[in-house]
Amino acid sequence: MHVDIEGTYGALRDRAREVIGPDAFDETAFAAHLRGGRTGRLDLSGGIENRLHEADQWTLMHVDPLAGGPLKLIGHGTDHAVYVDPSRPGQVTKISVETLGRLIRWLMLFGRGEELRTPQSIRAAGQVLARKEIERDGRLRLKFPAEVVPRQSIGIDEISVRAVVAQFLLQGGLLLEPHRSVPALNSHAIYRLPALVRHQNFLPQLSDPATMHFSLSLHYVERFAEPPPDESYADINNSLVLNRPGKFNKDHFDYCFTGTKLSELYDASETDKALRDSIRDFLRHAIDFMNYTGEVVDIAGDGNVIFNTGRYYLPDALVSPNFEGALRFSANTLRRLKQPEEIALGSEAWMLTFTLSIVRAMNAMAQALGIDERVHLLHPDEESEPIDWASVLWKLRDSRTAAANHSLEREPLLMPVESFPWGIDTHGLAA
């Protein structure tokens, strides 16, 4: 008798190969990621939930949504798939896979059928989103030297999407969770869909092995397999989030950032004055941008903020549109946790985790390099008020374990619901 056990390595590998494509799928890299490639140790602390999450994240970071054509995939982030286009020499084309997935879920949820037909009103909403992204790009440029942010155009283009990728983005993972009801797409279809697309001047520094990254490398303290001790977590956040007086603490820095590109950047800056001066200049501009706009500079992943031969560049420093204003929103979430009040264990908890990680990184490097300016998540007048960081930590970690604590067999839940077709309220943007 054959028994099909979902969530095994083999099931995830086969599905990832199907989504990515057999020619592009790298099983060695896939297996290393699931086994905790940075440490060489298999992390079983999260059980099957952790394994599924890591497999889904790896696939999302490598998937090519396009159904053929002249574009060649050369890179990937948490948001964009990056291509070279023979018709655009000297540029790269970036397709927002994140907003594409939100659009597909919206179209299926509201009865557009297997053809995924996109009404003109939703296409028009996409144009509003593109204009908003152009405005955000302009605000970033205002706060940095002209040569730092590559020139780009932003708009809504039609793309052809493979059905297997559309299904992956629709259900939000490689395997369909048994407690969700998600429609099945025609596996042989090619879907023509609007997508948020950027055409950006190519930065050769991105392919230079000597380039260094101001990056968390997707490390988040709140999501470590072993939670930090309560006292250490409080000390770290009092210093790096609430900006309490004190000197740079290398032990705290190492705890938060060991294994990241940021740690490598710090080490290199100890002996490279040009690099150190470049980081200092970046920090001053980035901290000013964050405090002024309420946005965060996206240093979560590699390749967003880079340093090369005494200069720095921001090829992808803006977070995805649905995280715009993360600093402001996360401040309000933290204030509610102080009361204490309940927060949404999905969206609000994840945005606060993401934002805390970025604020800690920016302020830690500012401390280390003797920069007086700090990112202020809360208003400076609030930074002296006590926060029960232990309760904050466990609330944020609860957002990871909540799914593991329910019965997948007894909780009938529908497919993930999007509030708006592009992930944000474009009507509000146009008002």
Side-chain angles (χ1 to χ4, degrees), residues 36-40 77-78 144-145 148 203 205-206 208-224 226 228 232-233 235-291 296-317 319 327 353-377:
R38 294 187 183 89
T39 63
T78 53
F144 286 90
V148 165
L203 281 176
Q205 292 83 1
L206 280 167
D208 184 348
T211 290
M212 306 204 74
H213 305 253
F214 197 114
S215 170
L216 292 167
S217 303
L218 305 181
H219 276 48
Y220 308 104
V221 170
E222 288 75 15
R223 295 196 167 191
F224 284 179
E226 291 294 327
S232 296
Y233 186 68
D235 288 344
I236 288 169
N237 286 333
N238 285 337
S239 173
L240 301 180
V241 177
L242 299 183
N243 299 311
R244 303 283 173 80
K247 296 180 179 179
F248 173 66
N249 187 313
K250 185 61 163 56
D251 290 338
H252 288 171
F253 184 91
D254 288 342
Y255 179 82
C256 293
F257 308 119
T258 291
T260 69
K261 295 291 186 182
L262 181 65
S263 181
E264 295 176 11
L265 183 71
Y266 169 80
D267 290 343
S269 73
E270 292 277 84
T271 57
D272 186 334
K273 183 179 183 303
L275 175 61
R276 189 177 182 89
D277 290 343
S278 182
I279 298 171
R280 287 166 60 90
D281 190 71
F282 162 72
L283 285 167
R284 290 191 179 97
H285 286 94
I287 291 171
D288 181 35
F289 169 78
M290 290 176 64
N291 288 332
V296 295
V297 174
D298 188 358
I299 56 169
D302 302 345
N304 294 347
V305 177
I306 63 173
F307 293 79
N308 183 278
T309 61
R311 296 178 180 272
Y312 66 95
Y313 305 91
L314 277 58
D316 206 3
V319 292
L327 205 64
T353 295
F354 179 84
T355 302
L356 285 171
S357 300
I358 290 176
V359 171
R360 283 192 295 257
M362 299 295 292
N363 287 338
M365 288 296 284
Q367 278 188 3
L369 273 64
I371 300 295
D372 292 334
E373 295 87 346
R374 296 290 185 270
V375 176
H376 296 283
L377 176 57

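Positions are given from 1, in the same order as the sequence printed here. Only a predicted model underlies this, so the values are computations on that prediction, with no experimental measurement involved.
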(message) Regarding Tyr313 and Asn308, do their side chains bring together a donor and an acceptor under 3.5 Å, going by distance alone?
(response) no
(request) Kindly say whether Tyr220 contributes a backbone atom to a donor-acceptor pair with the side chain of Ser357 at under 3.5 angstrom? (result) no
(request) Measure from the side-chain N and O atoms of Asp298 to the backbone N and O of Asp316, and report whether any donor-acceptor pair falls under 3.5 Å. (result) no
(message) Determine whether the aromatic ring centres of residues Phe248 and Tyr266 are separated by less than 6.0 angstrom.
(response) yes
(request) Mind telling me whether Phe307 and Tyr312 have parallel, tilted or perpendicular rings, with 30° and 60° as the class edges? (result) tilted
(message) Under a 3.5 Å distance rule, please check whether Ser217 uses its side chain to pair with a backbone N or O of Lys261 as donor and acceptor.
(response) yes
(message) Return the CG to CZ distance between Leu265 and Phe214, rounded to the nearest 0.5 Å.
(response) 7.0 Å
(message) Quick test of your reading of the model: are Asp277 and Lys273 salt-bridged, counting only N-O distances below 4.0 Å?
(response) yes
(request) List in chain and number order the residues that pass ring pair (Phe, Tyr, Trp, His ring centres under 6.0 Å) with His285, two or more places apart in sequence or in another chain; answer none if no residue qualifies. (result) Phe144
(request) For Asp235 and His252, work out which heavy atoms get closest and say how close. (result) CB-CE1, 3.8 Å
(message) Just to verify, which of Val359, Val375, Leu377, Asn363 counts as forming a side chain to side chain contact (heavy atoms under 4.5 Å, CB included) with Asn243?
(response) Asn363
(message) Looking at Arg311, I want to see if its CZ is surrounded by more than 12 non-hydrogen atoms of other residues, nucleotides or ligands under 6.0 Å.
(response) no
(request) Could you tell me whether the side chain of Thr258 and the main chain of Asp254 form a donor-acceptor pair under 3.5 Å? (result) yes
(message) Nearest 0.5 angstrom please: Ile371 CD1 to Phe282 CZ, how far?
(response) 11.5 Å
(request) Please determine which of Lys247, Gln367, Arg360 meets the side-chain hydrogen bond (donor to acceptor under 3.5 Å, both in side chains) test together with Ser239. (result) Gln367
